[in-house]
Amino acid sequence: MPQYREFKKLDLPQIDQEILTFWNKEKIFQKSIEGRSEDQSFVFYEGPPSANGKPGIHHVMARTVKDLFCRYHTMKGQRVERKGGWDTHGLPVELKVEKELGITKDDIGTKISVEQYNLECRKAVMRFKEMWDDLTRKMGYWADLDNPYITFTNDYIESVWSLLKILHSKKLIYKGYTIQPYSPAAGTGLSSHELNMPGAYKDVSDTSAVAQFEVINDEKSAAIFEGNAAGGLYILAWTTTPWTLPSNVALAVGQKINYAKIATYNPYTKEPVNLIIAEDLLSKWFKQDQAEADYESYSSEDKLIPYKMLGNYSGSELEGLRYHQLLPYVQPVDGDAFKVVTGDFVSTSDGTGIVHIAPSFGADDMRIGRQNGLGSLTLVDKQGKFVDEVTDFAGRYVKDYKDEENYRDVNIDISIKLKEENKAFNVQKYKHNYPHCWRTDKPILYYPLDSWFIKASAFRERMVELNNTINWKPTHTGEKRFGNWLENLQDWNLSRSRYWGTPLPLWRTEDGTSEICIGSISELTAEIKKANDILGLTQSVPEDLHKPYIDEVILVSGDGQAMKRESDLIDVWFDSGAMPFAQWHYPKANHEIFKNNFPADFICEGVDQTRGWFYSLHAIGSMVMDSVAFKNVVSTGLVLDKDGVKMSKRLGNVIDPFETLSKYGADPTRWYMMTNAQPWDNLKFDVAGVEEVRRKFFGTLYNTYSFFALYANIDRFSFEQSYIPLKQRPEIDKWIISLLNTLVSNVDRDYADYEPTNAGRAIQSFVEDHLSNWYVRLCRRRFWKGDYNQDKISAYQTLYECLETVSKLMAPIAPFFGDWLYRNLNQASGREKYESVHLALIPNVDEASVDKALEERMDYAQRISSLVLSLRKKESLRVRQPLQKILLPILDQRFKEQVQSVEDLILSEVNIKEIEYITDTAGVIKKRIKPNFKTLGRKLGKDMKAAAQAIEGLTQNEISEIEKSGNYNLSINETNYQLSLEDFEISADEIPGWQVASDGDITVALDITITDILKSEGIARELVNRIQNIRKQNDFDVTDRINVAISDHELVQNAVHSFSEYIKTEVLADHLKLSSEVTGHEVELVEDVTINVLASRV
RNA sequence: AGUCUCGUAGCUCAGCCGGUUAGAGCACUACACUGAUAAUGUAGGGGUCGGCGGUUCAAGUCCGCCCGAGACUACCA
C-alpha cells in the first residue's frame, strides 16, 4: 500500500518547485481547461501589462485575485480560458526609449528617423517579457503565456481599426480642437500622464489682475444702469493670467450667485465708477471702513476710498449684458463675443464671482464658449509669444520660456496698461498651484490643438445604465468613482501626436471635404489599388502598419483628390479596451470564439485602472455592442511598504517579488495578501506578516497533516473501509464534520461573491482554532491508542476528510500547498480520480451533517475547559494533577443537557473526575441580572435609564421570583410596564465559598482538594510524562515496546502500586518495576525530588 | 481645488439591523505544556474607537463640520 509522504520540515519554496514541475509535466493547466465543457465557460479578460518595466510586488496582488477566482470557477466545473496579453504602445515606452537614447521628441525625424525610433520602441517593449513570464509561473498565476495577444501586431491593429470603422460609420468620430496642456518651451502638447508626474504642479507667484469690463448701456442693460452714480458701469473679473485678457470674449457669472452694484472710485485713476461684483466677495476687496466712509465727500487725495451699495442682481439678471472689449486688438469672426453668460463652475470662493472667458486658453472656457456660440481669439502663438496683431506686446513671451536675459514679465506691462486706462481695479501677486512641463520645468499653458474625438458623450446615459448592472468590488468604486465619472463624461480625445502606436486609420483630402476610415487590411488593399489606378501610383500595403510606412500611403477620394493619412496615433487606452475583440483578431476571424467570450464574467485590475482600462472596455463595449464588457470587476488597492508609504525606487523601499517568493514561497505571500486586508484596501506589505502566515497557518496545517500521516502509515489507513455513517461516529467527529460543512458553505459563498478575504480567514480559523487546536488535540490518543477498530477508523476518516476538504477550499488562494496536500492524501488513499486538486471540484455541502446544537455544545465545552484551565492557573495546579470535580451552575435544562453530552471531553481535557451540576436550590448560586437593552429599549424609550438602574438593584429573591413567574411588573415615573423573562439577562455571578471564573453566561467553580489517591494519580502521570521524554530522547520509535525500572522512592510507591497498568499502557511497557538500584536517566519528578528511570527496548 | 476611500491597542485587522465589560492575531511580560514540538496553552499590561457638535432612552456604529492619510480628477477665474 502506498504510504502518506512524511517530511522532516515544512519547506514551502520546495513545495512550489515540486508542484510547478508536476503541473508542467502533466499539463495540469491545459487539463483544467480542456476537461471542462465549452458551454460551461467562465470568461476572464487579462488586462495587458506593459513589459517594458520590471514587475513589482503589487502585480502579485492583482494577479493573485485574478488567479484565485479563475481557479475557483474551474473547481466549480467551469471552463476558464486565460489568454495572456501585452500592452506595447504608448508614451511610457517612448519616454523610456528617448531617455536611453538621450534624445527628445524634437530629435525624432532629425537626429533619428521615425523608422529607427519605432524600431527601438519595438525592441524595448518586450524587454522584460521573460521576467514577467517567470513571475507569472513562480507565483502560480495560470495564464496562457504561449499565445498572448500583443497590441503592436498587424492583426491586433487591424481589429482596432475595424472598431474605429464601426464608430466612424456611426458618425461617432469627429475632428475638433480642444484645449490641451501644451509646453511652449518644449513645443509639444503634454498628456495628462505627463501632467501627473510628481512635481508637475508647483506653487508659483503670478501677477493677478482684477479687470474692469465696461458695460454697454443699451435696451438690455437699461435696468441695471438705473440708479448709477457718476462714472461708467463695470463688471469686475479676476485672472491669474493677464496675458489671456486680449483674447477675452465673454464673462461668466453664476446663475444663482448674488451680485452687488456699488459706487466707488478706481484706486489707480481715482475716477468714479460703478462696479458689479459678487456680494459675498465684497468684503474681500473692500474694508468695513470703506463702507462707512462718505462717498460724496471723497477727494482724490484721500487715502480711504469709500463705496456705497447701489443695488442687487442675480446672475441670471446679468446674463446677456454686453460690454466693450477690454483690449480691442482683434475681434473674433467665428461667433458672438463680449457678453455675459452663465456657467455652473462659477463660484464665490475666489476672485470676484465673475470669470473672464478666453475659450482658446481654458477647457472650461472652451466648453462654455461652445454652449453659448461664442467666438474665440488665439492671440498667442505656439512658441508662447503674442502675435503681431497685439501691437504693443507683439512678439513677447507670455511667460519666461526661454530664460531670456532681462526678461520682463509681460503680465506686469499689461497690468500697467490696464491701470492707466482705468481698466484695472486691482493688481497684485498671487500664489497658486500651476502645472509645469516636466522636461523644461517651465509653466505650461493651455492651448487649442487639433484632435480626433469619439463622441462618447452621446452614450453617457447608456453607459451609466449599463454600469448599474455591473457587480463592482468594492461597490463604491463602481457607484461613486466610476459612476460619477460616467455622469460627467466628456468626449474621448482619441488622438496622440506621437510615433509609436496604432495609427489613426483616417485619410483626408487636403481641404477636409472627403475622408475615409479604413477598417481592415483588405479594405486598405482595395483603396490602394484604386488610388494607384487613378493617381498612377505603385504603392502597396505596408508590411508593418506603423509609422512611418503607413504615412506614405496615399488614397483617393470619390472626386479624384489625393487623401493623406491624419498623422496622429490613437490613445493606447483604445488599444487595451479593444482587447475583447482584438485578442481574437475579431471580426476578421474567430467569430464563434468571440461570441462565446463576450462579455467577460470577471476582470480585475488596480483601482488606478478605473478611468483607464475599466473605462475603455466599458466605453467600447457600450458603443460597439450596446453591452457591458464585463459583469464582475474587482479593483484592487495599492501595495504600500510596511509604513504605508508608496514604494518607489527613489526611497529604496521597493519589495522584490522574486525575493519574497523564493524566500517564503508563493502561497504564504498570496495568502497574506488576501487575508490581511480586503484586496481593495491598500495593503501595507510587511514580510513579517508573510512569515506569520507561514508559521501559523501553513505550519499548523502542515503539522496536522504530518500527525495524520505518521499514524495513518502505522495503521495502514487508506480509506479502504466504507465510509462510516456520521451517526455511528463519536460526538467530536460529528462536530468537526458539522463545522467543516458550515465552512464549505461559507467559503463557497464568499468565493462566489468575490470576497476572498472572508473565505481565507474562515479557512484559517477552521484549521487553527478548530481542527488543530481542538479536534486533533483532543483526539490524539484515538490515533495512537488501541486497536485498529471502528473508533480509530472513524477518527482517520474524519481527519482525512477535513484535510482533503481544506486542500480544496484553500487551493484557489494557495494553489501549491493545496495541491501538495491533496496529492499527498489522494496518492496514498486513491480516494478520488483527480491527479490534481485543480481538476477536482469544490465539495458539496452536506446539509444533513450540519448540527447547530452540536456546534453550540462544543462551544460550551471549549469555554468551560478554558475556564477550568484558568482556575487551575490561578491556583497553580498543573493539568497533570487530577482533581475531583468542578461545579457548574445551570440556569436552564437545555444548557445542562448540552453540557452533559460533551462532559467526557471536558473532563479529559482538564483532567477532572466529575462535573457537579448545581441548580438554584436554597440560593447556592448568587445571580446577576441585567436588562436586555434590545427588547426593553424599544418598550421603554425614555424610561430606559431609570429602568436599568431599578433592574440592577433587584435582590436575589426578586430575581428568583422573576425566573419562577416569568414576568415582572416595573413601575417607572408612574408608568407600569409588564416585563417578561426575555427582557432580562440573568447569569450566575458567584457561588459563595468557591473560587469561580465566568465567561459571559457560563460560570465554573473548581474543587481543589487533592486526596491521596488523586495525588498518586498525579504522580503516575508525571512518571508517564518522564518516561515518554526518555523514549523520545532515546529515539525509540513510537511503536517500540519497552521495560521500565524506577527508583524506589516513597513518592512513587503508591503511584506505581495503584496505577501500574495505566502507566504501562501509556508508555507501551511490558514490565514496570521499582528498584533501589536504577542506572537510567536522572529526572526531576516534582520540585526537589529526583529519581532515576531506566527505559529499555524489549 | 473637487470627488471618493480610510482613521478602533505599539503593529495588522474584526466589529452585522445603533443595545451597555470594544474583540482577534502579532509584539511584550510571566507561568505552564511537551508521543503534532522550528509547535502549543493560560494569564497580564496596553483603547477618551482621529477631533468637535448633532440625532437618540442608547453612538465605534447614523448625520454635519473639522483635522490627518491615500487614490483619482483638475487651467476653477
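Atom set for the values below is all heavy atoms of this structure, side chains included, hydrogens, waters and symmetry mates excluded. Note that the structure is a prediction, hence the values are computed from the model and not measured. Numbered from 1 within each chain, the chains take letters A, B, ... in sequence-line order.
- Nucleotides B:U40 and B:G35 place their C1' atoms 14 Å apart, quoted to the nearest Å.
- Using cut-offs of 30° and 60° for the angle between ring planes, the A:W671 and A:F697 rings count as parallel.
- Taking atom CZ on A:F707 and atom P on B:G35, their separation rounds to 11 Å, with Å as the unit.
- At a threshold of 4.0 angstrom between heavy atoms, the contacts of A:R780 include nucleobase atoms, whether or not backbone atoms are also involved.
- In terms of polar N and O atoms assigned as donor or acceptor, the side chain of A:N682 never comes within less than 3.5 Å of the base of B:C6 in a complementary pairing.
- Across all strands shown, B:C49 remains unpaired; no Watson-Crick or G-U wobble contact has both distances below 3.5 Å.
- Ring-base stacking between A:F933 and B:U20 is satisfied, the centre separation being under 5.5 Å and the plane angle under 30°.
- At a threshold of 4.0 angstrom between heavy atoms, the contacts of A:N932 with the nucleic acid are absent.
- Rounded to the nearest 0.5 Å, atoms CZ (A:R5) and CZ (A:F7) are 3.5 Å apart.
- With distances taken from any side-chain atom of A:K934 to the nucleotides B:G19, B:A14, B:C4, the minimum falls on B:G19.
- Rounded to a whole Å, the CG atom of A:L683 is 17 Å from the P atom of B:C6.
- The distance from atom CG of A:L936 to atom P of B:A58 is 16 Å, rounded to the nearest whole Å.
- For the C1' atoms, the distance linking B:U37 with B:A32 amounts to 15 Å, nearest Å.
- Going from the P atom of B:C66 to that of B:G19 covers 28 Å, rounded to whole Å.
- In this structure, A:I1042 atom CD1 and B:G35 atom P are separated by 14 Å, rounded to whole Å.
- Proximity of A:R777 to the phosphate of B:G41: no side-chain N or O atom is located under 4.0 Å from OP1 or OP2.
- A:F783 and A:Y796 have perpendicular rings, their planes meeting at more than 60° on a 0 to 90° scale where under 30° would count as parallel.
- Between B:C26 and A:K696, a contact under 4.0 Å exists linking OP1 or OP2 to a side-chain N or O.
- A:G362 comes within 4.0 angstrom of a base, heavy atoms only.
- B:A74: no Watson-Crick or G-U partner with both key distances under 3.5 Å is found in any strand.
- For the P atoms, the distance from B:U56 to B:C63 is 16 Å, rounded to whole Å.
- Without hydrogens or angle criteria, A:S208 side chain to A:Q428 main chain gives a donor-acceptor distance under 3.5 Å.
- Pairing of B:G19, defined by two Watson-Crick or G-U wobble distances under 3.5 Å, is identified with B:C57.
- Listed nucleotides: B:A36, B:C4, B:C26. Nearest to the side chain of A:N703: B:A36.
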>> Run A:E909 and A:R777 through salt bridge (Lys or Arg N to Asp or Glu O under 4.0 Å) and show every step you take.
In response: CA-CA 9 Å; A:E909 174 70 4; A:R777 199 155 52 82; 2.6 Å; yes
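- Residue A:L803 contributes atom CG, which lies 12 Å from atom C1' of B:A36 at whole-angstrom precision.
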>> Show, in sequence, the C-alpha distance, side-chain angles and deciding distance for A:Y446 and A:Y182, and conclude whether the ring-ring contact (aromatic ring centres under 6.0 Å, His included) test is met.
In response: CA-CA 6 Å; A:Y446 288 82; A:Y182 178 81; over 10 Å; no
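- A:Y434 and A:H436 have perpendicular rings, their planes meeting at more than 60° on a 0 to 90° scale where under 30° would count as parallel.
- Comparing A:A677 and A:Y702 against RNA chain B, the residue whose closest nucleotide sits nearer the 5' end is A:A677.
- The nearest heavy atom of RNA chain B to A:L638 and to A:K684 marks one nucleotide each, and the one closer to the 5' end goes with A:K684.
- Taking the syn range as angles within 90° of 0, the glycosidic angle of B:C6 is outside it, so the base is anti.
- In this structure, A:R863 atom CZ and B:U42 atom P are separated by 14 Å, rounded to whole Å.
- Applying the Watson-Crick and G-U wobble criteria (two distances, each under 3.5 Å), B:C28 pairs with B:G44.
- Between A:D206 and A:K399 there is a salt bridge, since a side-chain N of the basic residue sits under 4.0 Å from a carboxylate O of the acidic one.
- When Watson-Crick and G-U wobble pairs are counted only if both distances are under 3.5 Å, B:C33 pairs with no nucleotide at all.
- The gap from the P atom of B:G70 to that of B:G53 amounts to 28 Å, rounded to the nearest Å.
- Using a 4.0 Å heavy-atom cutoff across all strands shown, A:T704 reaches at least one base atom of the nucleic acid.
- Remark: A:K930 is not in phosphate contact with B:G19, judged by side-chain N or O atoms under 4.0 Å from OP1 or OP2.
- The side chain of A:R695 sits closest to B:A39 out of B:A39, B:G35, B:C75.
- Among the heavy atoms of the strands lying under 4.0 Å from A:D364 is at least one base atom, whether or not backbone atoms are also near.
- For A:S772 and B:A36, a side-chain-to-base donor-acceptor distance below 3.5 Å is present, hydrogens and geometry of angles not being considered.
- When the C1' atom is used for both B:C62 and B:G25, the distance is 30 Å, rounded to whole Å.
- Applying the Watson-Crick and G-U wobble criteria (two distances, each under 3.5 Å), B:G68 pairs with B:C6.
- In summary, A:R1021 and A:E1066 do not engage in a salt bridge, as defined by a charged side-chain N under 4.0 Å from a carboxylate O.
- Taking only side-chain atoms of A:A363, from C-beta outward, the nucleotide of B:U5, B:C75, B:U12 with the closest atom is B:C75.
- Taking every side-chain heavy atom of A:V776 into account, B:A36 is the closest of B:A36, B:U12, B:C4.
- Taking the P atom of each, B:C13 and B:C6 are spaced 13 Å apart, rounded to whole Å.
- Pairing for B:A38 is absent, judged as Watson-Crick or G-U wobble with the two contacts each under 3.5 Å.
- Here A:K9 lies in heavy-atom contact (under 4.0 Å) with a base.
- A:R694 has a carboxylate O that lies under 4.0 Å from a charged side-chain N of A:E691, or vice versa, which qualifies the two as a salt bridge.
- Phosphate proximity of B:U40 to A:N773: absent, as no side-chain N or O sits under 4.0 Å from OP1 or OP2.
- Taking atom CG of A:D1040 as the reference point, atom P of B:G35 lies 16 Å away to the nearest angstrom.
- When the nucleotides B:A14, B:C75, B:C4 are ranked by their closest atom to the side chain of A:Q678, B:A14 comes out on top.
- B:C26 sits 11 Å from B:U42 when the P atoms are compared, rounded to a whole Å.
- Contacts of A:Y705 with the nucleic acid, taken as non-hydrogen atoms under 4.0 Å apart, are absent.
- Using a 4.0 Å heavy-atom cutoff across all strands shown, A:G351 reaches no nucleic acid atom at all.
- Each of B:G35, B:C26, B:A36 was ranked by its minimum atom distance to the side chain of A:Y711; first place goes to B:G35.
- When the C1' atom of B:A32 is taken as reference, atom CD of A:Q881 falls 15 Å away, rounded to whole Å.
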